[in-house]
Amino acid sequence: QRATARALGWARSQGSSMLTVSTHQLHSFLPPAPKDEITVPFSPASTMDDLKTKICGATGLAQLQPALRLMASSAMVPLADDGASAVGVMDIWLRYERAGDGEKTLINGCAETLVVDVLPDGSVELLQRIYQETELTGAATCSELRLTSESDIRASVDPSLVPTSLFVVNGEAFTVSPEETIGALQGRCAALLRVPVEHQALLVNNARVDDHGGAQHKLLEIADLRRRMGGALTLLDLRKPEEAERAGIAPKVSSAAPKPVFGASMPIFVKTLTGAPRRARAPRAPSPPFFPPSNRGVQRSEGNDSSH
């Protein structure tokens, strides 16, 4: 019992404390070089909606709060107050270990699955810790969910719940009607992110969706792609060689002797049955654009040969 029982009553009586939240799965919605975790204040009376508000405030993504999800790596549920149930979840184990002098020693231990929670009235409630992903929702409080500053909490975004008029590009939120064109969003990005439209490549995950060529595609046309691929967009500046390369456009080499472009090929190690591994390089094919190149501006007179 000493190894497994853990009193949580102090969490109810203490004031505000700090909760560490993993934001790794929010990286695509955050500005460049985001942190892997943030800390936000909480109290036993804080609800999950309160925590979401604080997380969105700390990350600058207040408009994404309806789509924010909080997950805990473990949860605690009430256990029947009887000896059989308590012993059943303690997961006690025994084993022998051999010391350096060869003498065997019997040791024992158990998993921390049984938790003793001291309630405000002084009574005790037995809880079972379940190690599985659990979503924290609703108006439940940190006290009710037995969350403490040591709890492992992860924040993520449900792409299906992101408003269709909200577009997060490089950590900046834009509100644009889905009936507008992709070019209209690029114009807004040009003004705020200071990248001219003609030098932009707009990606959803690794699929290029920018309105190159003036094809006038609507934002509504990439709604399903956003739901499937994560929701956030990345704007690349094609004037920067490394970003042009990511967009699948190899930068021009001004030197008379062409030099290989970093990242234009990928190393492959092949292990044969007769010798040591061999190293080879294969060209890296960029992801094709989501929309085919536009034929806008190409005029064909009636009766002319299409080959001309």
How many angstroms lie between [atom1] in [X] and [atom2] in [Y], if you round to the nearest 0.5 Å?
{"X": "Met48", "Y": "Glu135", "atom1": "CE", "atom2": "CD", "value": "11.5 Å"}
{"X": "Phe167", "Y": "Ile182", "atom1": "CZ", "atom2": "CD1", "value": "8.5 Å"}
{"X": "Ile55", "Y": "Lys52", "atom1": "CD1", "atom2": "NZ", "value": "9.0 Å"}
{"X": "Ser17", "Y": "Glu150", "atom1": "OG", "atom2": "CD", "value": "9.5 Å"}
{"X": "Ile153", "Y": "Ser22", "atom1": "CD1", "atom2": "OG", "value": "10.5 Å"}
{"X": "Leu147", "Y": "Ser46", "atom1": "CG", "atom2": "OG", "value": "10.0 Å"}

Indicate yes or no: at least one non-hydrogen side-chain atom of [X] is less than 4.5 angstrom from one of [Y].
{"X": "Ser165", "Y": "Pro178", "value": "yes"}
{"X": "Arg239", "Y": "Pro196", "value": "yes"}
{"X": "Val204", "Y": "Arg228", "value": "no"}
{"X": "Leu193", "Y": "Asn170", "value": "yes"}
{"X": "Leu202", "Y": "Arg208", "value": "no"}
{"X": "Met229", "Y": "Pro159", "value": "no"}
{"X": "Leu136", "Y": "Met71", "value": "no"}
{"X": "Val168", "Y": "Leu233", "value": "no"}

### Task
I would like to know whether Lys54 and Asp50 meet salt bridge (charged side-chain N to carboxylate O under 4.0 Å, His left out); could you show each step before the answer?
CA-CA 6 Å; Lys54 293 175 181 178; Asp50 293 336; over 6 Å; no
### Message
Is there a path of hydrophobic side-chain contacts, each under 4.5 Å between heavy atoms, that joins Leu225 and Phe174?
### Response
yes
### Message
According to a hydrophobic-cluster definition based on side-chain heavy atoms being under 4.5 Å apart (Ile, Leu, Val, Met, Phe, Trp, Tyr only), do Val169 and Leu192 belong together?
### Response
yes
### Task
Start with the C-alpha gap between Leu70 and Arg154, add the side-chain angles, then the distance that decides, and say whether side chain to side chain contact (heavy atoms under 4.5 Å, CB included) holds.
CA-CA 6 Å; Leu70 296 181; Arg154 176 172 53 84; over 6 Å; no
### Query
Mind checking what makes ring pair (Phe, Tyr, Trp, His ring centres under 6.0 Å) contact with His199, not counting sequence neighbours?
none
### Task
Any chance you could lay out the side chain to side chain contact (heavy atoms under 4.5 Å, CB included) test for Gln186 and Asp210, step after step, and finish with the verdict?
CA-CA 8 Å; Gln186 289 186 249; Asp210 52 278; 3.5 Å; yes
If every non-hydrogen atom of [X] is compared with every non-hydrogen atom of [Y], which pair is closest and at what distance?
{"X": "Thr141", "Y": "Pro44", "answer": "CB-O, 3.5 Å"}
{"X": "Pro41", "Y": "Leu51", "answer": "O-CD2, 4.4 Å"}
{"X": "Leu68", "Y": "Ser156", "answer": "CD1-O, 3.4 Å"}
{"X": "Leu19", "Y": "Ser149", "answer": "CD1-CA, 4.4 Å"}
{"X": "Pro66", "Y": "Leu161", "answer": "O-CD1, 3.9 Å"}
{"X": "Arg146", "Y": "Glu144", "answer": "NH1-O, 2.9 Å"}

### Query
Can you tell which of Leu235, Asp237, Val195 makes a side-chain contact (heavy atoms from CB on, under 4.5 Å) with Glu243?
Asp237
### Message
Using only atom types and a distance under 3.5 Å, with no angle test, would you say the side chain of Glu180 pairs donor to acceptor with the backbone of Leu185?
### Response
no
### Task
Kindly determine whether Ser73 and Glu133 satisfy side chain to side chain donor-acceptor pair (under 3.5 Å), including the steps that lead there.
CA-CA 5 Å; Ser73 60; Glu133 285 285 303; 5.3 Å; no
Which pairs would a plain distance check flag for residues 28-40, meaning a side-chain donor or acceptor within less than 3.5 Å of a matching protein atom at least two apart in sequence or in another chain?
from  : atom 1 : to    : atom 2 : distance (Å)
Asp36 : OD1    : His27 : NE2    : 3.0

### Query
Can you check side chain to side chain contact (heavy atoms under 4.5 Å, CB included) on Leu219 and Val176, steps first, answer last?
CA-CA 9 Å; Leu219 290 165; Val176 186; 3.7 Å; yes
### Task
Dump the intermediate steps for side chain to side chain contact (heavy atoms under 4.5 Å, CB included) on Thr137 and Arg69, then the final yes or no.
CA-CA 8 Å; Thr137 59; Arg69 300 180 68 193; over 6 Å; no
### Task
Answer yes if the side chains of Ser160 and Asp158 hold a donor-acceptor pair under 3.5 Å, and no otherwise.
yes
### Message
Can a side-chain donor-acceptor contact be found between Gln63 and Thr175 if the only test is distance below 3.5 angstrom?
### Response
yes
